[in-house]
Amino acid sequence: MDKQIIFWGVLIVSLIFVSSCTSSAVKCEPVVVVTGEDYTSDPLAVPYQDTHEEFAENYSGEDLSIELRDEIIERMREKAGEIGEDPEVLYQCIKATYSDWDERPMRIPSYAEKCVYQDESIWAIAFNRANSFEESSLEHFDLFFVASATYDTLYHTGCYGGH
């Protein structure tokens with residue numbers, strides 16, 4: 001009987017420890033898909049808006065951190081692997097869009113789609129952005145088309161100023 005009590009005590013303490021170590025700052029799941037869609041004639045047709053709105057409603061400028069960015073990217077890498085894509089290529093494409101990887105980011109990725117632009121295989125990556133860390137929402141966006149083979153940005157747009 002004492003062994004059973006010790007066993008259950010150790011199990012409960014272990015579960016508490018594991019859950020505290022795996023707590024997550026991620027409030028929304030990023031989207032990672034492969035479509036093969038060709039966006040050459042209409043780059044703004046990338047359907048990231050629903051995910052963007054969900055992230056905008058759940059994060060503010062004060063939430064932005066290297067840790068949050070890295071945790072979201074890790075989720076995206078896992079999702080890429082689950083659908084048969086190379087997680088490292090997606091990671092490098094996302095990383096290539098930041099001018100200073102070690103600086104607190106003003107944006108976090110929320111949507112990635114493997115598709116085509118100007119006859120090149122790309123990752124279309126949508127970001128939720130704040131223009132300051134005091135903003136109450138990440139309602140601004142950036143959209144990058146990054147070549148899978150070279151990590152070059154082939155297209156970039158975003159909202160600037162108001163909304």
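Both backbone and side-chain heavy atoms feed into the values below; hydrogens, waters and symmetry mates do not.
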Say you draw a straight line from [atom1] of [X] to [atom2] of [Y]; how long is it, rounded to the nearest 0.5 Å?
{"X": "R104", "Y": "S65", "atom1": "CZ", "atom2": "OG", "result": "7.0 Å"}
{"X": "M76", "Y": "L90", "atom1": "CE", "atom2": "CG", "result": "5.5 Å"}
{"X": "C28", "Y": "I72", "atom1": "SG", "atom2": "CD1", "result": "8.0 Å"}
{"X": "R129", "Y": "E139", "atom1": "CZ", "atom2": "CD", "result": "10.0 Å"}
{"X": "Y91", "Y": "Y151", "atom1": "OH", "atom2": "OH", "result": "11.0 Å"}
{"X": "S148", "Y": "Q92", "atom1": "OG", "atom2": "CD", "result": "12.0 Å"}

Minimum-distance pair of heavy atoms, taken over all atoms of [X] and [Y]:
{"X": "E103", "Y": "I66", "value": "O-CG1, 3.8 Å"}
{"X": "P87", "Y": "A80", "value": "CA-CB, 4.2 Å"}
{"X": "A56", "Y": "S137", "value": "O-OG, 3.0 Å"}
{"X": "N58", "Y": "E54", "value": "ND2-O, 2.8 Å"}
{"X": "V116", "Y": "G36", "value": "CG2-O, 3.8 Å"}
{"X": "L68", "Y": "D63", "value": "CD2-O, 3.5 Å"}

Going by heavy atoms in the side chains, are [X] and [Y] under 4.5 Å from each other?
{"X": "L64", "Y": "I108", "result": "yes"}
{"X": "W101", "Y": "K95", "result": "yes"}
{"X": "R107", "Y": "L138", "result": "no"}

Query raised in the report: For atom CD of E62, is the number of surrounding heavy atoms from other residues, nucleotides or ligands below 6.0 Å larger than 12?
Result: no
Query raised in the report: How about D42: does its CG atom have over 12 heavy atoms from other parts shown lying under 6.0 Å from it?
Result: yes
Requested in this report: Give the ring-plane orientation class for Y155 versus F145, where under 30° counts as parallel, over 60° as perpendicular and anything between as tilted.
Outcome: tilted
Query - side chain to side chain contact (heavy atoms under 4.5 Å, CB included) assessment of Y48 paired with L143 - result: CA-CA 9 Å; Y48 64 86; L143 178 64; 4.2 Å; yes
Report task. Show your working on side chain to side chain contact (heavy atoms under 4.5 Å, CB included) between V146 and T153 and close with a plain yes or no. Result -> CA-CA 4 Å; V146 182; T153 296; 4.2 Å; yes
Query raised in the report: Does any N or O in the side chain of D152 come within less than 3.5 Å of the main-chain N or O of L154, such that one atom is a donor and the other an acceptor?
Result: no
Requested in this report: Please answer whether the main-chain N or O of S136 pairs with a side-chain N or O of S60 as donor and acceptor at a distance below 3.5 Å.
Outcome: no
Query - Among D50, I125, T51, side chain to side chain contact (heavy atoms under 4.5 Å, CB included) partner for S110 - result: T51
**Report entry** From CA spacing to verdict: side chain to side chain contact (heavy atoms under 4.5 Å, CB included), F141, F55
**Finding:** CA-CA 11 Å; F141 79 94; F55 272 67; over 6 Å; no
**Report entry** Derivation and outcome, side chain to side chain donor-acceptor pair (under 3.5 Å), residues Y39 and E37
**Finding:** CA-CA 6 Å; Y39 290 109; E37 186 75 29; 5.1 Å; no
Query raised in the report: Going hydrophobic residue to hydrophobic residue with side-chain gaps under 4.5 angstrom, can you get from V34 over to I122?
Result: no
Query raised in the report: Is V46 linked to F127 within one hydrophobic cluster, defined over Ile, Leu, Val, Met, Phe, Trp and Tyr using a side-chain heavy-atom separation of less than 4.5 Å?
Result: no
Query - Working for side chain to side chain contact (heavy atoms under 4.5 Å, CB included), residues I94 and W123 - result: CA-CA 9 Å; I94 294 169; W123 278 101; over 6 Å; no
**Report entry** E82/K79 salt bridge by N-O under 4.0 Å criterion
**Finding:** no
Requested in this report: Return yes if a side-chain donor-acceptor contact under 3.5 Å exists between E53 and Q49, otherwise no.
Outcome: no
